[in-house]
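Here, residue 1 is the first one in the sequence, and each next residue gets the next number.
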Amino acid sequence: SSRGEAYIDAIDWAAMLMADPECVIVNKQSKINTWPKIVEDARKKNGNQLWVGPANGGLDHVTALKIWGKAGMKARWIPFKSGGKAIAALLGEQGLAYVGNPRDILGNDDLKIAVVSSEKRLPEFPDVPTFSEFGIENMSNEYMWRGLVYKKGTPQKIQEWYDELFQKVTDDQEWQRYWKRGAIDVTYKKTDEFTKIVQEDKEEFTHYLQKLGIIQAENDSLIVKLTSGRLMRMILIVLTALFILVSLFINRTSLRKMAGEILIPILFILISLLFLLLSFTFPSLEEVSSAVVPRLWIFILIPLNIIVLIKSLRKKEEIKYSSSNVKMVYNFICLLILYLLAMHYIGYFISTFLFVTTAILLLGYRKYIVLLMISVGWLLFSYFVFYRLLYVPLPLGKLIELL
């Protein structure tokens with residue numbers, strides 16, 4: 001029940017029940033707690049003013065982008081896990097403004113609405129100015145809608161039953177009084193009108209999410225096209241074939257005795273190049289995006305592996321052939337290929353747990369409690385740092401998505 005992309009083609013019936021206007025909320029104790037002062041401060045800081053709210057690319061973030069564009073100002077969005085945590089950050093003066101809804105200030109005397117996106121001043125908050133009062137047009141109808149949709153094929157009788165029910169709920173005086181104290185407009189819009197609203201939101205959000213780099217535009221750069229699913233699999237096949245050819249060549253030359261020492265750094269170089277391409281699909285929300293850390297590792301791994309490769313070639317006379325070492329190298333190669341393929345189907349988290357566990361076992365480590373702690377620890381680190389903090393789009397897997 002929030003704005004964003006909707007699967008309109010799968011909708012057979014829809015109903016909108018209420019509209020919650022968007023507004024800019026500030027800390028009443030701050031010296032900058034009115035809209036003119038916010039704009040003045042933003043222009044002085046030239047993009048370094050901090051706004052807080054829940055999630056990157058959500059309704060409040062997109063609303064903030066609209067506000068900045070209409071007001072001719074720049075600011076930075078600091079995302080939090082929830083609106084409550086973002087408000088706590090606002091009260092702790094970690095940010096200057098919070099984008100939310102009027103009801104967010106109820107029960108908290110330290111919060112103040114600086115400006116609201118409504119056509120007229122809200123009866124519940126008569127002292128709060130609207131954007132149009134400051135000469136900012138097309139910001140009078142920004143709100144969070146709440147509604148319901150049903151998939152295609154829902155029987156007509158069920159649709160009619162819900163239609164009658166929601167109309168009764170909307171007309172209920174107690175229901176209206178409860179929501180209107182937070183300036184929520186209790187309004188019932190049926191399928192045709194509501195679907196049109198959802199469609200407009202989808203188009204608008206697509207524009208802003210592409211601008212943020214969270215989703216890809218159809219006419220994106222060559223690098224982004226190269227990282228599409230089909231081409232990415234082709235690149236993986238090419239790199240695998242290249243590695244096999246190099247391996248066969250080494251085993252037919254005098255370098256055979258040091259195949260393991262040569263193939264391992266070559267393998268990591270090829271894997272690094274593969275993940276470098278993948279990093280171009282990561283969202284770029286700020287100057288320091290979620291792709292920075294993976295690329296930093298990649299740019300360190302490639303030269304280090306080149307150094308290892310050169311050192312191995314220089315000391316080829318000192319290296320003794322060991323069939324067990326070569327066998328371990330090939331085992332790891334097979335394991336990595338299976339890992340990359342499994343990631344596509346069962347996702348990063350399950351496949352990574354299996355890969356890390358199996359890899360440690362291949363090395364002969366048998367302290368199972370420590371092994372489990374390492375595998376689970378890496379998954380937790382990946383989830384909280386990459387997935388939650390940096391918004392790296394770790395694949396969930398085709399099979400998991402079907403559940």
One should read off an interatomic distance between Thr63 OG1 and Met139 CE, to the nearest 0.5 angstrom, of 6.5 Å
Neighbour count >12 (heavy atoms, 6.0 Å) for atom CD1, Ile369: no
Using modelled atom types and a 3.5 Å cut-off, is there a donor and acceptor pairing between side-chain atoms of Ser351 and backbone atoms of Tyr348? yes
For residues 28-39, pull every pair meeting salt bridge (charged side-chain N to carboxylate O under 4.0 Å, His left out), keeping only residues two or more places apart or in separate chains. none
What I'd like to find out is whether the side chain of Lys367 reaches to under 4.5 Å of the side chain of Leu371, using heavy atoms alone. no
Closest heavy-atom pair and its distance - Gln49, Lys74: CB-O, 4.5 Å
Carefully, step by step, assess Asp127 and Ile113 under the rule side chain to side chain contact (heavy atoms under 4.5 Å, CB included). CA-CA 9 Å; Asp127 297 330; Ile113 302 175; over 6 Å; no
Separation of Ile360 CD1 from Tyr368 OH (nearest 0.5 Å): 12.0 Å
Intermediate values then yes/no, side chain to side chain contact (heavy atoms under 4.5 Å, CB included), Leu50 and Lys45: CA-CA 10 Å; Leu50 302 182; Lys45 292 180 177 176; over 6 Å; no
Thr352 vs Tyr339 side-chain heavy atoms within contact, under 4.5 Å: yes
If only atom types and distance count, is the side chain of Ser30 paired as donor or acceptor with the main-chain N or O of Asn33 below 3.5 Å? no
Are more than 12 heavy atoms from other residues, nucleotides or ligands located less than 6.0 Å from atom CZ of Phe268? no
Is Phe134 close to Pro36 at the side-chain level, that is, under 4.5 Å between some pair of heavy atoms? yes
From Trp378 CH2 over to Leu380 CG, what is the distance, rounded to the nearest 0.5 angstrom? 11.5 Å
Any idea which heavy atoms bring Pro21 and Ala183 closest together, and the distance? CD-O, 3.4 Å
Heavy atoms only: give me the nearest Asp20-Gly182 pair and the separation to one decimal. OD1-O, 4.3 Å
For the pair Trp77 and His61, name the ring-plane relationship: parallel under 30°, tilted 30 to 60°, perpendicular over 60°. parallel
Please walk me through it: do Ile197 and Trp145 pass side chain to side chain contact (heavy atoms under 4.5 Å, CB included)? CA-CA 9 Å; Ile197 293 171; Trp145 51 254; 3.9 Å; yes
Keeping Arg366 on the side-chain end and Leu361 on the backbone end, is there a donor-acceptor pair under 3.5 Å? yes
Could you tell me if the side chain of Trp51 sits less than 4.5 Å from the side chain of Val24, heavy atoms only? yes
Report yes or no: do Ser375 and Thr357 form a side-chain donor-acceptor pair below 3.5 Å? yes
I want to check something: taking the side chain as every heavy atom from C-beta on, are Leu276 and Phe299 in contact at a cut-off of under 4.5 Å? yes
Gln176 side-chain N/O to Val186 backbone N/O, donor-acceptor pair under 3.5 Å: no
Ile262 side chain near Leu309 side chain, heavy-atom distance below 4.5 Å: yes
Looking only at heavy atoms, the pair that brings Tyr188 and Thr170 closest together is CB-OG1, 3.5 Å
Could you state the interatomic distance from CZ (Arg103) to CH2 (Trp179), rounded to the nearest 0.5 Å? 6.0 Å
Within the supplied structure, the quantity of interest is the number of heavy atoms (other residues, nucleotides, ligands) at a distance under 6.0 Å from Lys190 NZ; does it exceed 12? no
Ala89 and Phe80 have their tightest heavy-atom pair at CB-CZ, 3.3 Å
Please say whether the positively charged group of Arg181, taken as NZ for Lys or CZ for Arg, lies over the ring of Tyr178, i.e. under 6.0 angstrom from the six-membered ring centre and within 45 degrees of the axis. yes
List the residues meeting ring pair (Phe, Tyr, Trp, His ring centres under 6.0 Å) with Phe249, not counting sequence neighbours, and say none if there are none. none
Suppose we screen for side chain to side chain donor-acceptor pair (under 3.5 Å). Which residues come up paired with Gln167, at least two apart in sequence or across chains? Asp171
Before giving the answer on side chain to side chain contact (heavy atoms under 4.5 Å, CB included), spell out for Val149 and Val198 the whole-Å C-alpha distance, their side-chain angles and the decisive distance to 0.1 Å. CA-CA 11 Å; Val149 296; Val198 174; 5.9 Å; no
If you look at every heavy atom in Glu142 and Ser117, which pair is closest and at what distance? O-OG, 2.7 Å
Which pairs, with at least one residue in residues 107-122 and sequence neighbours excluded, count as a salt bridge (charged side-chain N to carboxylate O under 4.0 Å, His left out)? Arg121-Glu133
Side chain to side chain contact (heavy atoms under 4.5 Å, CB included) partners of Leu111, counting only residues at least two apart: Ile25, Ile87, Leu90, Leu91, Ile105, Asn108
Just wondering, do Val128 and Cys23 contact through their side chains at under 4.5 Å, heavy atoms? no
Quick one, Phe131 and Lys70 - any side-chain contact, counting heavy atoms below 4.5 Å? no
With rounding to the nearest 0.5 Å, note down the distance linking CZ in Phe355 to CG in Leu362. 9.0 Å
For the pair Asn305 (side chain) and Leu301 (backbone), establish whether a donor and an acceptor sit closer than 3.5 Å, ignoring hydrogens and angles. yes
So side-chain hydrogen bond (donor to acceptor under 3.5 Å, both in side chains) across residues 88-102, not counting sequence neighbours, yields Glu22-Asn101
Mind checking the CD1-CE spacing from Ile184 to Met144? Nearest 0.5 Å is all I need. 9.5 Å
